[in-house]
Amino acid sequence: MIAHLSGFVVAFLGWIPPLAIYLAKREQSPTVRHHASEAANFQLTLLIPYVFACVVFIGLGIFFPGLSWIGIAVIALIWILAIVLGVLGASNANKGIWYRYPVSIRLLK
């Protein structure tokens with residue numbers, strides 16, 4: 001559960017706790033390995049839109065300061081997506097059900 005929930009707490013660095021759990025516990029439990037790898041993959045996937053949103057925020061802030069709120073809105077939407085899917089993943093992990101994020105690049109297996 002910690003692997004899923006830690007992602008939205010630390011936003012841009014949300015991939016670090018699940019990756020640490022994956023590296024520490026991958027040999028001990030297949031369930032923990034699955035959930036930690038799924039959470040890490042999802043958080044690493046979210047780095048792409050986070051970086052894009054930051055570039056939009058900074059670019060609009062420099063060239064069109066009145067429109068910089070668009071970048072913040074995109075960051076907020078990404079964060080809300082991370083919260084919703086992270087809670088779903090944690091809930092399934094608590095029940096012992098294997099959960100796969102619907103939008104995720106599979107880097108860890």
Worksheet item: Is it the case that one hydrophobic cluster holds both Ile97 and Leu85, taking links as side-chain heavy atoms less than 4.5 Å apart, direct or via other members?
Response: no
Worksheet item: Is Trp79 close to Tyr50 at the side-chain level, that is, under 4.5 Å between some pair of heavy atoms?
Response: yes
Practice prompt. Report the residue from Leu77, Leu81, Ile78, Val74 that forms a side chain to side chain contact (heavy atoms under 4.5 Å, CB included) with Pro49.
Written response: Ile78
Worksheet item: Do any N or O atoms from the side chain of Asn94 and from the backbone of Ala90 form a donor-acceptor pair under 3.5 angstrom?
Response: no
Worksheet item: To the nearest 0.5 Å, how far apart are CD1 in Ile105 and CG in Leu47?
Response: 10.0 Å
Practice prompt. State plainly whether one hydrophobic cluster holds both Val56 and Ile62, where clusters connect Ile, Leu, Val, Met, Phe, Trp and Tyr through side-chain heavy atoms under 4.5 angstrom apart.
Written response: yes
Item to complete: To the nearest 0.5 angstrom, please state how far the CD1 atom of Ile75 sits from the CZ atom of Phe52.
Response: 11.0 Å
Discussion item. When you compare the side chain of Arg33 with that of Gln28, does any pair of heavy atoms fall below 4.5 Å?
Written reply: no
Discussion item. Are there over 12 heavy-atom neighbours, none belonging to Trp98, within less than 6.0 Å of that residue's CH2?
Written reply: yes
Worksheet item: Which atoms form the tightest heavy-atom contact between Leu60 and Leu67, and what is the distance?
Response: CD1-O, 3.3 Å
Worksheet item: Taking side chain as C-beta onward, heavy atoms only, is Gln43 less than 4.5 Å from Glu38?
Response: no
Discussion item. If I compare all heavy atoms of Gly86 with all of Leu5, which pair ends up nearest, and what's the gap?
Written reply: O-CD2, 4.1 Å
Discussion item. Ring centres under 6.0 Å, that's the criterion: do Tyr99 and Tyr101 meet it?
Written reply: yes
Worksheet entry | Heavy-atom check, side chain of Ser104 versus side chain of Arg106, under 4.5 Å | yes
Fill in: Minimum-distance pair of heavy atoms, taken over all atoms of Thr45 and Val103
CG2-O, 4.3 Å
Worksheet item: Looking at OG of Ser29 and NE2 of His35, how far apart are the two atoms once the value is rounded to the nearest 0.5 Å?
Response: 9.0 Å
Practice prompt. Supply the atom-to-atom distance Ser6 OG to Leu19 CG, rounded to the nearest 0.5 angstrom.
Written response: 10.5 Å
